Peer 1: 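My structure is below; once you've seen it, I'll send some questions.
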Amino acid sequence: MRAALEGVCQQLALVLASMREAGDEVREVRATGGFARSALWRQILCDVLDMPVAFPSDYEGSGLGAALLGRQALGLPAAPPAPAALADVLHPDPAAAAVHARMRPAFAALHDALGAALAQLRDPGSNERPG
């Protein structure tokens, strides 16, 4: 189970890295949703991203985030949201963050290494052999 949680967080770290590579400055990360209720998952996210993560007291911020990203994609000015009250801000454990950083290149390479298997999962019929 922990490997699944770490995999999700590693994927989020790759997304964060690609945003930074595209020139977006990411100064703060806030996480909401059902996963944010898990102390273990919260700490793993913080360690994998290797930066503080804030957790608002309201767990359902995904809709607001999607609306703000949609406005940005359309070139509309972002309507500033009312600041959400923060329930907690976690900081990464440096030793755990270093382990996750060392594992990230292998995680990133998995997509290419598993390309054929992923294609079969998308189209299970392609596995069938004539009888």
Side-chain angles (χ1 to χ4, degrees):
M1 188 66 194
R2 184 179 177 108
L5 298 177
E6 289 179 356
V8 170
C9 293
Q10 286 284 11
Q11 186 61 44
L12 291 171
L14 293 175
V15 170
L16 178 63
S18 67
M19 290 174 66
R20 288 179 168 153
E21 289 168 9
D24 292 324
E25 181 183 1
V26 179
R27 296 182 303 266
E28 178 180 32
V29 171
R30 290 188 181 195
T32 64
F35 95 90
R37 295 180 181 148
S38 165
L40 175 63
W41 203 342
R42 290 163 59 135
Q43 189 61 54
I44 291 172
L45 177 64
C46 190
D47 293 342
V48 172
L49 296 182
D50 195 16
M51 65 183 294
V53 178
F55 298 90
S57 55
D58 178 8
Y59 286 106
E60 300 308 324
S62 301
L64 175 61
L68 292 173
L69 288 173
R71 290 183 64 82
Q72 180 182 6
L74 293 171
L76 300 172
L86 297 180
D88 199 8
V89 177
L90 293 180
H91 296 273
D93 172 271
V99 170
H100 291 298
R102 284 194 307 272
M103 293 187 321
R104 191 160 305 117
F107 178 84
L110 285 174
H111 183 270
D112 293 335
L114 295 173
L118 293 173
Q120 289 176 351
L121 289 173
R122 282 191 299 272
D123 184 13
S126 67
N127 257 354
E128 295 178 30
R129 297 177 190 209

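Position 1 is the first residue of the sequence; numbering continues from there. Nothing here was measured: the structure is a model prediction, and the numbers come from that model.
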Peer 1: Hey, can you pull the donor-acceptor pairs under 3.5 Å for the side chains in residues 87-102, sequence neighbours left out?
Peer 2:
residue, atom, partner, partner atom, Å
D88, OD2, R42, NH2, 3.1
D93, OD1, A95, N, 3.1
D93, OD1, A96, N, 2.8

Peer 1: Measure the CG-CZ distance between L40 and R2 for me, rounded to the nearest 0.5 Å.
Peer 2: 5.5 Å
Peer 1: Got a second to check how far F55's CZ is from R37's CZ, nearest 0.5 Å?
Peer 2: 13.0 Å
Peer 1: Tell me whether V8 is reachable from F107 by hopping between hydrophobic residues (I, L, V, M, F, W, Y) whose side-chain heavy atoms are closer than 4.5 Å.
Peer 2: no
Peer 1: How close do A31 and P56 get, counting heavy atoms only, and between which atoms?
Peer 2: O-CD, 3.4 Å
Peer 1: Under 3.5 Å, is there a donor-acceptor pair between the side chain of S38 and the main chain of F35?
Peer 2: no
Peer 1: Please answer: with hydrophobic residues joined when any side-chain heavy atoms are less than 4.5 Å apart, are L49 and M103 in the same cluster?
Peer 2: no
Peer 1: Any chance you could measure R104, atom CZ, to Q11, atom CD, to the nearest 0.5 Å?
Peer 2: 10.5 Å
Peer 1: Could you check if a side-chain atom of L14 sits within less than 4.5 angstrom of a side-chain atom of Q10, using non-hydrogen atoms only?
Peer 2: no
Peer 1: Once rounded to the nearest 0.5 Å, what's the spacing between atom CG of L114 and atom CG of L121?
Peer 2: 9.5 Å
Peer 1: Say whether L45 and V26 are linked into one hydrophobic cluster, either directly or through other cluster members, by side-chain heavy-atom distances under 4.5 angstrom.
Peer 2: yes
Peer 1: At what distance, to the nearest 0.5 angstrom, does CG of L118 lie from CG of D123?
Peer 2: 13.0 Å
Peer 1: In Å, rounded to the nearest 0.5 Å, how long is the span from CD1 of I44 to SG of C46?
Peer 2: 11.0 Å
Peer 1: Group every Ile, Leu, Val, Met, Phe, Trp and Tyr by side-chain heavy-atom contacts under 4.5 Å, then state whether V15 and V53 land in the same group.
Peer 2: yes
